[in-house]
Number of protein chains: 4
Amino acid sequence: MFELDVQSRKPIYEQLMDKIKELMISEVLQEHNQLPSVRILAQKLTINPNTIQKAYKQLELDGYIYTLPGKGNFVAPPKTLKNSLKEEKIKSELAKVLAEALYIGIDKNEIYKLVKEISALAKGGES
Amino acid sequence: MFELDVQSRKPIYEQLMDKIKELMISEVLQEHNQLPSVRILAQKLTINPNTIQKAYKQLELDGYIYTLPGKGNFVAPPKTLKNSLKEEKIKSELAKVLAEALYIGIDKNEIYKLVKEISALAKGGES
Amino acid sequence: MFELDVQSRKPIYEQLMDKIKELMISEVLQEHNQLPSVRILAQKLTINPNTIQKAYKQLELDGYIYTLPGKGNFVAPPKTLKNSLKEEKIKSELAKVLAEALYIGIDKNEIYKLVKEISALAKGGES
Amino acid sequence: MFELDVQSRKPIYEQLMDKIKELMISEVLQEHNQLPSVRILAQKLTINPNTIQKAYKQLELDGYIYTLPGKGNFVAPPKTLKNSLKEEKIKSELAKVLAEALYIGIDKNEIYKLVKEISALAKGGES
DNA sequence: GTGGTCTAGACCACG
DNA sequence: GTGGTCTAGACCACC
């Protein structure tokens, strides 16, 4: 299900967050789908349950999932994220990376192409 | 000159790197301009010289500046950056942020607008 | 374990890098072996932990070791080094030293012998 | 005559030493030839005379040149260098670089080829 | 004057 | 227990 790189400098819980976000973006995990339980995922990935817990907690804080105590963790509707604190953060992050990309000489058209490709991917998942 | 958040989880030297990159992107600092000396900047920002040096060294490794020991630190020509390892890193970072932006519901057209604005800013600085 | 010359004009961290490389070349330290922790080595050599860390960091940048934050430092597979930036650097360094050796009158055959001896040493470690 | 890289991390006086050694190795400068005077060279290269002085002094200490006070600096016979302290230093430096080259996977035959090329160059200069 | 190295300590994040 | 960051202050090489 996931491939975590223990050799990476990026903390495992962050890698886990990224992987889960990717699954949501590619719509493998959709609104209100249940995420695997902490214990099961820890077993499958052979990593410490505390690490999973930390990833889930952070995802909840960021608004990507919601927790029903005693039930489990579930994918939050993306609309919840729009108009939240996250939107401003992501926009400013986007502005920063775009500025850097343009500075080092990446072409505007190349960026347009990238946007089209990525939004097509998400749309493709809708069918 | 800069506003650093000593409380932030982001290391001071990384914040400093970002601020300096911003100055280069907005062309306040241009090719071959000299950066403030390690000691002077440390004094102004009331942070340790070693921290400044770490930021400068990393910027040099990333190709944004070059260091002449005994002389000072200077802005590298942006052309140096294109076709380097940095290009792939920035592209994949861009793809990740774009995917996240589209996921939370930011409109494609809004992104196009952002790209135009940012590239106009840089061009404006050329005159 | 190591003998460092604090008096030398060569920085301690560079001397340390050389010593560690020697251990890897003579295969005392092999692929994926763990290096002594920063603190332990600092204690043994009675030098500052920061100095050890600097040596380790540079070795990592040069591709000789890899660092798992929170885990330790480990010997990288030599294959990683071939076809890297290092190869060109070492070749030109080799050419420079060879030219100097031949200039002062060291015999070609003596050099051939040296190459054979050194490559035999490494092979001997394989058994 | 020389091309010095002011952008290099290598001190100018060391670059100068290397350039002069190269000229001796390629036999552009031969035994007992006079080197340009400190003042003239400083003018030509537009660098500080003290820097030239330092390079010459170090070359003399290393046995590559000799100084006749009031007369100038002259290329020492290479034979002087053989059987001196320099020989051991260069041999151990050579062994170190060879070991490193073999470690990263450079082929023995490639090294043999390099030795032949370089010794042919020097021989070619003899005619 | 500049950057480069080094020490002696402290606190934090990670798993 | 591991590496990563940071401070306060020192000394050195280069030009």
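Every chain is numbered from 1 and lettered A, B, ... according to where its sequence line falls, protein lines coming before strand lines. Both backbone and side-chain heavy atoms feed into the values below; hydrogens, waters and symmetry mates do not.
- Computed from coordinates, the D/L4 CG to F/dC15 P distance equals 10 Å when rounded to whole Å.
- Whole-Å rounding puts the B/F74 CZ to E/dG1 C1' distance at 12 Å.
- Considering only heavy atoms from C-beta on, D/L45 stays 4.5 Å or farther from D/T51 through its side chain.
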### Query
Which nucleotides of nucleotides 5-15 of chain E have their base under 4.0 Å from a protein heavy atom (B), which only their sugar-phosphate (S), and which neither (-), written as one string 5' to 3'?
BBBBB----SS
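- Within a 6.0 Å radius of CD in D/Q34, other residues, nucleotides and ligands contribute more than 12 heavy atoms.
- Straight-line distance from the CG atom of B/L41 to the C1' atom of E/dG3: 14 Å, rounded to whole Å.
- With rounding to whole Å, B/E60 atom CD is found 11 Å from E/dG3 atom P.
- In this structure the side chain of A/Y56 reaches within 4.5 angstrom of the side chain of A/P36, judged on heavy atoms.
- OP1 or OP2 of E/dG3 sits under 4.0 Å from a side-chain N or O of B/N73.
- F/dG3 atom C1' lies 11 Å from atom OH of C/Y56, rounded to whole Å.
- Checked against side-chain hydrogen bond (donor to acceptor under 3.5 Å, both in side chains), B/Y64 has the following partners two or more places apart in sequence or in another chain: A/E100.
- A/I104 contributes atom CD1, which lies 8.0 Å from atom NZ of B/K86 (distance to the nearest 0.5 angstrom).
- Considering CD1 of C/I65 and NE2 of C/H32, their distance stands at 13.5 Å, rounded to 0.5 Å.
- With rounding to whole Å, C/Q43 atom CD is found 13 Å from F/dG1 atom C1'.
- Within the 4.5 Å cutoff, the side chain of C/L59 has heavy atoms near those of the C/K21 side chain.
- Using a 4.5 Å cut-off on side-chain heavy atoms (C-beta onward), D/V6 and B/K71 make no contact.
- Distance CD1/D/I20 to CD1/D/I52: 7.5 Å, rounded to 0.5 Å.
- OP1 or OP2 of E/dG3 has not a single side-chain nitrogen or oxygen of B/T67 nearer than 4.0 Å.
- Taking a pair as Watson-Crick or G-U wobble with both distances under 3.5 Å, DNA chain F forms stems of 3 or more consecutive pairs at E:1-14 with F:1-14.
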